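All of these numbers come straight from a predicted model, not from anything done at the bench. Letters A, B, ... mirror the listed sequences (proteins, then strands); counts begin at 1.
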There are 2 protein chains.
Amino acid sequence: MAGAEGQANMDETKRTGSPIPGAPVAAAPAASLNAEPSLAANIRPTLKTIAFMTGLGITTVSRALKDAPDIGAETKARVRLVARQVGYQPNRAGVRLRTGKTNVISLVLSLEEEIMGLTSPIVVGISEVLAATPYHLVVTPYSPSRDALAPVRYVLDTGAADGVIISRTEPKDPRVALMLERNFPFVTHGRTEMGLAHPYHDYDNEGFAYAAVRTLVERGRRRLTLLQPPPHLTFHRHMRHGFDRAVRDFGVETIPFDAVDIDHSLIDIRTAFETLLHSGAVPDGIVSGSGAGTIALIAAIEATGRTIGQDLDVVSKVPSDFLGWLRPEVITMKEDIRHAGHELAKAVLARIAGQPPETLQSVSGLDRQDV
Amino acid sequence: MAGAEGQANMDETKRTGSPIPGAPVAAAPAASLNAEPSLAANIRPTLKTIAFMTGLGITTVSRALKDAPDIGAETKARVRLVARQVGYQPNRAGVRLRTGKTNVISLVLSLEEEIMGLTSPIVVGISEVLAATPYHLVVTPYSPSRDALAPVRYVLDTGAADGVIISRTEPKDPRVALMLERNFPFVTHGRTEMGLAHPYHDYDNEGFAYAAVRTLVERGRRRLTLLQPPPHLTFHRHMRHGFDRAVRDFGVETIPFDAVDIDHSLIDIRTAFETLLHSGAVPDGIVSGSGAGTIALIAAIEATGRTIGQDLDVVSKVPSDFLGWLRPEVITMKEDIRHAGHELAKAVLARIAGQPPETLQSVSGLDRQDV
DNA sequence: GAGGTCAACTGTATCGTTGCAGTTTTTTGG
DNA sequence: CCAAAAAACTGCAACGATACAGTTGACCTC
């Protein structure tokens, strides 16, 4: 546009570089400062270092490492060789500043869902997948008393990550709505019911509850009850549906137990269940949606002098097999949370890579044979 | 140096900014691109945005927000007001690139130490402390089969974090040596024995083992054994010392049990302990250094028809109180791992702030009354 | 041999921030 | 009333990487 020919470039000497020896350029110190990326040993190599070593331009080196089509094959080979040799690793801050790409996955965690050590295996599972990638895992916590939206907003507003993993989803989850609206890559651990497609991984809680009821019925139990997830979370519905459907299918009775849910403290659960056991309506079969909760149930059961496997049966979903060791009479069905971590990580990465959400939805659990 | 007066500055029009309306500068699009940080709504505010809004220079805004001494009080107030108003948050990549400060704490985790959910509460504890700071928590995993030094080297070489938290320390820990040598801020969860001062937080395993033995002795137990940590870790020695010293002090007998340690699988521990129970030398008191391990011990004990609290007693260190619920006959002593997370996080932050290592060493556990 | 095409390479500007070295204005001292 | 000093503010360059818009030279084509 605008200005005539003389305006832009074409000085006789390009200011950058100009390492032609003997040329009457600037002063010595200035030159050495700019030209040689590092005489010393332990400075971290940058593109400039490689450019200097290969005699190429910084741009060329950058493109060569990216395998761009307009760089010669031999040049690429040379650059890669030198890069490997000096142990070049792109400066994350540089990339991030220029491109906005953070190479970070943010795991948004409720600090209190931690009571029963679910975090641990999920972190491990995610880490295992990310280890093979340039991605880092950042834990973004929030206290559940506060707004669950806050951490998500933070990531979105500050561009702190390329992808987000959230759990404890609700049927109408504002976090999902927000990220979908902003077209931000994420996966949820748990489904939603908003009529919007997004990546998720979920445990088949409906299948679990159904199978649990069936198991109890097969043992002759007829008066069943459920220790269920908190009502505002999606998987409350799933578990309820599975339970209720099975109860209908098998024609058995249910005893309501709504005073507490698996988010309550063990003490509360125990107290509430003891109360139930002292009431007129005593169940002979219990489905528990949480391994920790089951411990409280067991305490209540034993405190009232009953024996599991005899007076009543308990089927529990568990994250690990402690219960199997300590109370083999409790029937357990394992939820593989580490596997969930794998799936979640793979899904965000795929989403970031542009794969459509519909293809990134999975449910794991029992074989669905029995549903 | 070199060139005469005309060289450096003093063009009539400064190229940057020049938002004087009506001045005959460049073309419209170029100007709008540079002058107005954003007409649109949702662009993230930067220093430039605030500079534009306040009419100040970018440098001034930066310094004002840093509360530098050469900025006027009123100016600072104005800048802060606008910054708050527009929700300014410094771009981490910019800061990091310029200053090298990452605002990241790296938690270096062995992926397999995870068997018994220690990670969860430690992550929570660290997060709780970091939440009040600009720091993020990044999980840097390694598989224990591989070099434990690798992740530390990575952080050091790439400057991925401002501070590191490691666990599973060894008496001569190469990671500690490396970070000390590079003068890099870190804390260890567990002590070392290298004669070098560094920040640490540790559980008082010696005190635990001593108290455990005392408890057993008080119950009349005389033939004691220890399920101990793996020999290469520092706390193996601590626990051993506490155990051995108490055994000496109280004049009781010990039964060797070195076939397995708490890092072995539950199956292995159970098998090994059953073997011991079937041998001639049967203990009547057991100290267990791990909650998970205790479960395996219990299984072995019960499989051989013995009763805890009667034929023998078990004292176990535990991370949570499941055992207390399910096997109240087992005597438990709780290790508060979340608290460890707090201490570790506070220590790295203090170290980063320049506090001397000697002041950042703590041991928690039982009151040391009994040692 | 002028003009065009293509392959291979390169300089410049930029992301947002801060260290540095100023510049301008006001105040102070003599 | 002028020089010097202090106070308040500012532009430039740089951190490392990449998008973009060239530049260079070899090779073709007519």
Side-chain angles (χ1 to χ4, degrees), chain A residues 1 7-11 13-18 30 33-34 37-38 43-52 54-66 68-76 78-79 83 88-103 158-159, chain B residues 1 7-11 13-18 30 33-34 37-38 43-52 54-66 68-76 78-79 83 88-103 158-159:
Chain A
M1 272 184 208
Q7 216 230 340
N9 38 18
M10 279 281 83
D11 323 32
T13 351
K14 302 91 166 289
R15 208 177 286 80
T16 332
S18 80
L33 236 157
N34 225 338
S38 86
I43 307 295
R44 184 171 177 211
T46 69
L47 289 180
K48 201 198 268 186
T49 316
I50 300 177
F52 180 76
T54 54
L56 297 164
I58 294 178
T59 303
T60 310
V61 174
S62 173
R63 312 219 67 217
L65 289 173
K66 292 218 139 39
D70 61 350
I71 305 294
E74 197 210 304
T75 302
K76 282 181 190 170
R78 254 177 67 223
V79 169
Y88 170 74
Q89 293 192 256
N91 180 306
R92 305 186 120 230
V95 175
R96 181 164 171 179
L97 182 56
R98 182 66 239 252
T99 66
K101 174 108 187 162
T102 62
N103 283 304
T158 64
Chain B
M1 272 177 220
Q7 215 231 337
N9 39 14
M10 279 284 84
D11 323 32
T13 352
K14 300 91 166 289
R15 206 175 290 78
T16 332
S18 78
L33 234 156
N34 226 338
S38 84
I43 306 296
R44 184 169 178 211
T46 69
L47 289 180
K48 201 198 267 185
T49 317
I50 302 176
F52 181 75
T54 55
L56 295 164
I58 294 178
T59 303
T60 309
V61 174
S62 172
R63 312 220 66 219
L65 290 173
K66 292 218 139 41
D70 62 349
I71 304 294
E74 197 210 305
T75 303
K76 282 182 189 170
R78 254 177 66 224
V79 169
Y88 170 74
Q89 292 192 258
N91 180 306
R92 304 185 121 232
V95 176
R96 180 164 170 180
L97 182 56
R98 181 67 237 250
T99 66
K101 174 110 187 162
T102 63
N103 282 303
T158 65

Q | First encountered from the 5' end of DNA chain D, between T99(B) and P69(B) | A | P69(B)
Q | Non-hydrogen atoms of T102(B) and G159(B) that approach each other most closely | A | CG2-O, 3.2 Å
**Q.** Exam field: side chain R44(A) to backbone Q89(A), donor-acceptor pair closer than 3.5 Å
**A.** yes
Q: Check the distance between dC15(C)'s P and I43(B)'s CD1 and give it to me in whole angstrom.
A: 12 Å
Q: Compare every heavy atom of V61(A) with every heavy atom of A51(A), then report the nearest pair and how far apart it is.
A: CA-CG2, 3.7 Å
Q: To the nearest Å, give me how far apart CZ (R96(A)) and P (dT18(D)) are.
A: 15 Å
**Q.** Touch class at under 4.0 angstrom, heavy-atom based, for G94(A) against every strand present
**A.** base
Q) How long is the line joining CG of L65(B) and P of dT17(C), in whole Å? A) 9 Å
(Q) Can you measure L97(A) atom CG to dT18(D) atom C1' for me and round it to whole angstrom units? (A) 11 Å
Q | Closest-nucleotide ordering on DNA chain C, the 5'-leading residue of Y88(B) and T59(A) | A | T59(A)
**Q.** N or O in side chain of S62(A) less than 4.0 angstrom from dT18(D) OP1/OP2
**A.** yes
Q | Between C1' of dA21(C) and CZ of R63(B), the distance in whole Å | A | 12 Å
Q: Taking all heavy atoms of L97(B) and all of A93(A), pick out the closest pair and write down the distance.
A: N-CB, 3.7 Å
**Q.** Presence of K48(B) side-chain N/O under 4.0 Å of dG16(C) phosphate oxygens OP1/OP2
**A.** no
Q) Once you round it to whole Å, what is the distance between P of dC15(D) and CZ of R98(A)? A) 17 Å
(Q) Is it the case that the base of dC15(D) and the side chain of N91(A) share a donor-acceptor contact (distance under 3.5 Å, atom types as modelled)? (A) no
Q: Write down the distance between CD1 (I58(B)) and C1' (dG19(C)), rounded to a whole number of angstrom.
A: 15 Å
Q) How many Å lie between CG on L47(B) and P on dC15(C), as a whole number? A) 13 Å
**Q.** Check: N91(B) and T46(B) side chains under 4.5 Å, non-hydrogen atoms
**A.** no
Q: Please tell me which of P45(A) and D70(B) maps to the more 5' nucleotide of DNA chain D, matching each residue to the nucleotide holding its nearest heavy atom.
A: D70(B)
